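Written below as structure tokens is the structure these notes are about.
To find a chain, count down the sequence lines: A is the first, B the second, and so on, and within it residues start at 1. Everything quoted here is computed from the prediction, not taken from an experiment.
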2 protein chains.
Amino acid sequence: MLGLMQLSIGQVAERTGLSVHALRFYEKEGILAHQVHRGPGGRRVYTQQDVDWLRMCIMLRMSGMPVPEIRRYTELVRQGDGNELQRLDILKEHQERVRQQMVQLQDCMDLITHKVGIYQDYVNSIAAKAIGQ
Amino acid sequence: MLGLMQLSIGQVAERTGLSVHALRFYEKEGILAHQVHRGPGGRRVYTQQDVDWLRMCIMLRMSGMPVPEIRRYTELVRQGDGNELQRLDILKEHQERVRQQMVQLQDCMDLITHKVGIYQDYVNSIAAKAIGQ
DNA sequence: CTAGGAACTAGAGTCGTCTCTAGGTCAAGA
DNA sequence: TCTTGACCTAGAGACGACTCTAGTTCCTAG
């Protein structure tokens, strides 16, 4: 059932949140797991699997994996069985980068929270004085 | 003592991790809390406070605050007392964005960890078979 | 006196990731 | 028939944040 669903580029844009432009761009960049089938008039026909794959790509992009590396990964998947170790390497490497990113972000968050606290206290004290008058 | 320390652009680059180019760029973009003093020959002379301020800017940038918004914040600080509420708004808004970013990143991390787990198991099972032979 | 190194300015170039434009096809509805 | 709307391609443009270049000044050491 699911496998038979046929989606236009517009529908895929809707359900992934990507723009139609971005979808064509991603295809040109070779980050679709397999060739998108074409319907009458040369129109792209996507399946649910394409959408699922795209959703994963979106996650990878969101977490900062560059397009060329997503392409490398995609190519491995396209090649089929036998290169799982290489895929695993890419994922592990990225995982480590994301981990570092999260640590960094937490540091930034700590600083910001600290500053917000200081300003909040100050602003509150000003407000209290104004009321007290 | 600290306040009297004089630093060249190169020294500041060293201790902030920014490039000399980036330092000049940041200055041109108006994200230094106060005018950088110039020494003989028109050379920039930085103080420890400048370095501290830059370090904060780096944190804000790292967490995704765009340069123009850092400039807005910087301008408020330059203006002096009386606009603390506006500064607080900027910081709170950014804090919220960072929070969302962290949630997103955690989602990505979960997915990646999930996939890494699957591939790891698979690779292990292949390795086990190879040894078993 | 010359060479090296660090600094200066203004402005051009780069990189990644889209985003948009121009010009066209095709099918369905008024 | 005419219009609308979704789609197509190839290629140009936008944007943010640097990064680099060219040409110069200045100081210090050999």
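Judged by distance alone with a 3.5 Å cut-off, no donor-acceptor contact links the side chain of B:Arg61 to the base of D:dA17. A:Arg43 contributes a side-chain N or O that forms a donor-acceptor pair with the base of D:dA6 under 3.5 Å.
Side-chain nitrogen and oxygen atoms of A:Tyr26 include at least one within less than 4.0 Å of the OP1 or OP2 phosphate oxygen of C:dC18. Side-chain N/O atoms of A:Ser8 include one lying less than 4.0 angstrom from OP1 or OP2 on D:dC7. Between B:Arg44 and C:dA7 there is no side-chain N or O to OP1 or OP2 distance below 4.0 Å. Dashed line: the shortest gap from a side-chain N or O of B:Arg24 to OP1 or OP2 of C:dC8 is under 4.0 Å.
Along DNA chain C, the nucleotide nearest A:Pro40 and the nucleotide nearest A:Lys28 are compared for position; the residue whose nucleotide lies closer to the 5' end is A:Lys28. With DNA chain C read from its 5' end, the first of the two nearest nucleotides for B:Glu27 and A:Met65 is the one closest to B:Glu27.
Closest contact between the side chain of B:Ser19 and the listed nucleotides C:dC18, C:dT21, D:dT19 involves D:dT19.
Between the CD1 atom of A:Ile31 and the C1' atom of C:dG16 there is a distance of 13 Å, given to the nearest Å. Separating the CE atom of A:Met62 from the P atom of C:dC18 is a distance of 12 Å, rounded to the nearest angstrom. When rounded to the nearest whole Å, the span between CG of A:Leu18 and C1' of C:dT19 equals 13 Å. Taking atom NE2 on A:His21 and atom P on D:dA12, their separation rounds to 16 Å, with Å as the unit. The distance from atom CZ of B:Arg38 to atom P of C:dC8 is 6 Å, rounded to the nearest whole Å. Between B:Phe25 atom CZ and C:dT9 atom C1' the separation is 16 Å, expressed in whole Å. Per the geometry, CG belonging to B:Leu54 stands 16 Å off C1' belonging to D:dA17, to the nearest Å. Between the CD atom of B:Glu14 and the C1' atom of C:dA7 there is a distance of 15 Å, given to the nearest Å.
Applying the 6.0 Å contact sphere to CD of A:Gln35 captures no more than 12 heavy atoms from other residues, nucleotides or ligands.
A salt bridge between A:Glu69 and A:Arg97 is present, with a side-chain N of the basic residue lying under 4.0 Å from a carboxylate O of the acidic one. At a threshold of 4.0 Å, the pair A:Glu96-A:Arg99 counts as salt-bridged, since one of the basic side-chain nitrogens sits closer than that to a carboxylate oxygen.
A side-chain donor-acceptor contact under 3.5 Å links B:Gln95 and A:Thr113.
Here the OH-CG distance, from A:Tyr119 to B:Leu91, works out to 7.0 Å after rounding to the nearest 0.5 Å.
At the heavy-atom level, A:Val67 lies under 4.0 Å from the strands shown only through sugar-phosphate atoms.
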